[in-house]
Amino acid sequence: MSPIPLIYNVRSVRARWRGNLVAVLGIAGVVAVFVAMLSMARGFQLTLVDSGSPSNAIVMRGGATTEMESVVTREQIQVIAGAPGVAHDEEGHPLVSGEVFVVAAFHHRASDSDALAPVRGVSEQALKVHRGVRIVSGRFLRPGLAELVAGKSASTMYSGFGLGDTPSFGGRTWRVVGIMDSGGSAFDSEVWADQPVLSQTYKRPEDLFSSVTVRLTSPAALGDFKRALASDPRLTVQADRETDYYAKQSRAVSTMIRVLGFLVASVMGIGAVFGAFNTMYSSVAARAREIATLRALGFGGASVVLSWMVEALFIALIGGLLGCIVVLPVNGLTTSTLNWQSFSQIAFAFRVTPDLLGKGLLFALVMGFVGGLLPALRAARMPVASALREL
Amino acid sequence: MVRLDDNGDALIRVRDLDKTYRRGGQDVHVLRGLNLSVDEGEFVAFMGPSGSGKTTLLNLLGGLDLPTAGSITVAGDEITHLSGPKLAHWRARHVGFIFQMYNLLPVLTAFQNVELPLLLTRLSKAQRRRHVETALGLVGLKDRTDYYPRQLSGGQEQRVAIARAIVADPTFLLCDEPTGDLDRRSADEVLALLSGLASRYGKTVLMVTHDPRAAERAEVVLHLEKGALVEGTTSGPEGNGPTSKPAET
């Protein structure tokens with residue numbers, strides 16, 4: 001089979017650009033929505049995964065899937081702190097952070113209504129364990145005081161959580177003494193308080209924690225650490241690598257966004273396919289004499305099908321590239337959603353990554369292929385003799 | 001010599017050719033038991049009123065359509081039973097088409113249009129370039145290689161089409177009203193080219209035309225009426241009388 005020269009398709013697309021615009025814009029719109037939805041799911045996923053460190057382990061009650069349903073006692077924390085693989089600070093204290101996790105209703109600026117926000121009760125060790133978190137303004141909490149450190153997303157997402165503000169929740173008034181930045185992870189959406197003060201406020205026993213985050217000597221130390229915990233009869237806990245825990249946390253919402261994205265894109269995609277279909281059919285009808293001439297010169301039906309498919313794919317590629325360009329500005333755009341696992345709001349940024357752009361282009365080509373196939377077959381089956389004399 | 005019967009040595013042999021179309025539930029017999037033999041290097045014109053079957057005959061000879069009955073043999077190859085892809089391959093090797101509306105691809109330059117048939121050969125790019133330049137030189141348009149059809153006059157477009165038809169050195173040329181859309185001067189140029197191809201280069205040329213002045217350029221003029229060849233004349237340089245007889249049945 002001898003292919004019809006590519007330049008013929010490229011120039012024909014250019015010559016008929018008005019007619020092709022419908023298909024190009026249709027495909028561009030679908031690709032933009034498709035990539036935007038995927039980048040939302042990716043952003044959510046990465047936000048949670050970035051919250052974890054491979055050198056950290058999170059310990060919860062056996063069988064618990066989230067901190068909300070987990071309880072760990074102070075005695076258990078002391079046992080855990082003595083397990084092999086636990087890192088220590090310069091003064092020899094184990095890097096173990098017992099934490100209490102609650103949700104509280106704060107005024108959400110964007111929706112102008114109350115939203116559930118994650119509030120974490122932490123000790124002074126917290127910053128040594130959560131290495132990715134740093135205070136960017138103000139200072140860290142002082143033990144025993146009703147003070148708060150707000151994540152940078154939380155401080156803008158909710159009213160009254162700027163530095164120096166005095167929000168009220170849990171029946172008391174707090175003072176925001178610091179703003180923390182965890183580089184876009186889930187901690188940016190949290191508000192941290194002193195653990196004993198938070199437990200008192202929510203009338204929880206001070207010796208009960210939701211989870212324990214442990215800094216390990218190295219990522220490889222997790223195996224020994226887990227085995228030690230599993231073999232100790234005083235413990236009924238489970239340990240997970242922190243990154244794995246947050247990846248699991250992200251799965252439900254990111255899958256939901258992704259499925260929704262595929263659904264929306266599929267419905268829109270059907271419309272775009274019809275657009276491409278219509279464009280290519282018009283093109284075949286308008287260029288019947290050209291097709292017949294090529295056939296008369298000796299180009300076979302397969303060459304014609306290939307040529308028309310190349311043209312449909314070329315149009316789809318232009319649409320796909322346009323869609324990718326349109327969606328690029330959403331990269332980094334921050335939004336928030338409810339994390340079903342913790343029943344609290346989490347802020348995250350759209351992440352338009354090269355692989356998602358690649359998927360968008362692939363989707364565009366699929367639309368071009370589906371939309372171009374029937375017109376291409378029609379072009380190849382066109383009766384040559386009569387088409388040669390068409391004006 | 002053109003004969004309206006079967007000559008075993010002819011380049012093109014047509015035997016008992018029938019073509020029937022079905023229109024509105026009725027059979028329309030376009031060609032009826034047509035016999036014809038054309039020798040190599042002849043310039044034959046087909047004339048006749050509209051609906052007489054001229055273009056149908058040309059389409060069948062060019063392998064663009066299949067007969068209802070009968071056979072066409074070109075250079076020893078019987079083409080009436082070839083499948084679609086084989087017929088396309090045969091066309092590429094044996095037939096050079098020249099159409100009334102030139103049928104150049106508007107988005108390609110003169111060079112690229114003429115090069116098209118060569119893309120179906122095994123020639124290298126450099127060889128193709130040489131062939132295209134030769135063909136365009138032959139029709140006097142070597143200086144128009146980069147022009148698009150819209151930048152050429154009608155006569156020039158048809159000359160590019162002739163260059164495209166001859167570039168792959170086909171066995172014969174089929175011309176469907178090649179001067180039908182041209183002014184007299186351009187038509188004369190085109191006809192001079194076609195007769196030159198036959199007389200100087202020994203190319204076999206079959207032409208359908210309504211124009212008696214165009215037909216005068218042909219060696220042999222055959223008339224079609226109601227799907228049958230009814231008479232023939234040889235014009236030639238000396239304007240000789242008829243050389244062929246009505247089809248024998």
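To find a chain, count down the sequence lines: A is the first, B the second, and so on, and within it residues start at 1. Basis for what follows: all heavy atoms, side chains included, without hydrogens, waters or symmetry-related copies.
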**Message:** Using heavy-atom distances under 4.5 Å, tell me whether B:Asn59 contacts chain A through its side chain, its backbone, both, or neither.
**Reply:**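 For B:Asn59, side-chain heavy atoms alone lie under 4.5 Å from chain A.
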
If one checks every heavy atom of B:Gln112 against chain A at 4.5 Å, the contacting part turns out to be side chain

Pick from [options] with the largest number of heavy-atom pairs that fall under 4.5 Å of chain A:
| options | value |
| --- | --- |
| B:Thr55, B:Asp65, B:Val95 | B:Thr55 |
| B:Leu174, B:Leu58, B:Leu105, B:Leu64 | B:Leu105 |
| B:Pro106, B:Ala165, B:Pro170 | B:Pro106 |

Quick check on [X]: does its [atom1] atom have over 12 non-hydrogen neighbours (other residues, nucleotides or ligands) under 6.0 Å away?
| X | atom1 | answer |
| --- | --- | --- |
| B:Glu133 | CD | yes |
| B:His210 | NE2 | yes |
| A:Tyr281 | OH | yes |
| B:Tyr148 | OH | yes |
| B:Arg93 | CZ | no |
| A:Arg378 | CZ | no |

Drop me the distance from A:Arg295's CZ to B:Leu87's CG, to the nearest 0.5 angstrom.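 Taking CZ in A:Arg295 and CG in B:Leu87, the distance rounds to 9.0 Å.
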
| Heavy-atom pair of closest approach, residues A:Gly300 and B:Ala88 |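 Heavy atoms of A:Gly300 and B:Ala88 come nearest at CA-CB, 4.1 Å.
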
_A:Arg289 to B:Asn103 - nearest heavy-atom pair and separation_ =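 Taking every non-hydrogen atom into account, NH1-OD1, 2.5 Å.
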
Heavy-atom donor-acceptor pair, B:Arg91 side chain to A:Gly298 backbone, under 3.5 Å
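Pair absent, no side-chain N/O of B:Arg91 close to backbone of A:Gly298.
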
Check: [Y] and [X] side chains under 4.5 Å, non-hydrogen atoms:
| X | Y | value |
| --- | --- | --- |
| B:Phe97 | A:Leu388 | no |
| A:Phe299 | B:Leu119 | yes |
| A:Thr293 | B:Arg164 | yes |

Honestly, the part of A:Ala15 sitting under 4.5 Å from a heavy atom of chain B is side chain

Whatever's closer than 4.5 Å to a heavy atom in chain B on A:Ile4 counts as neither

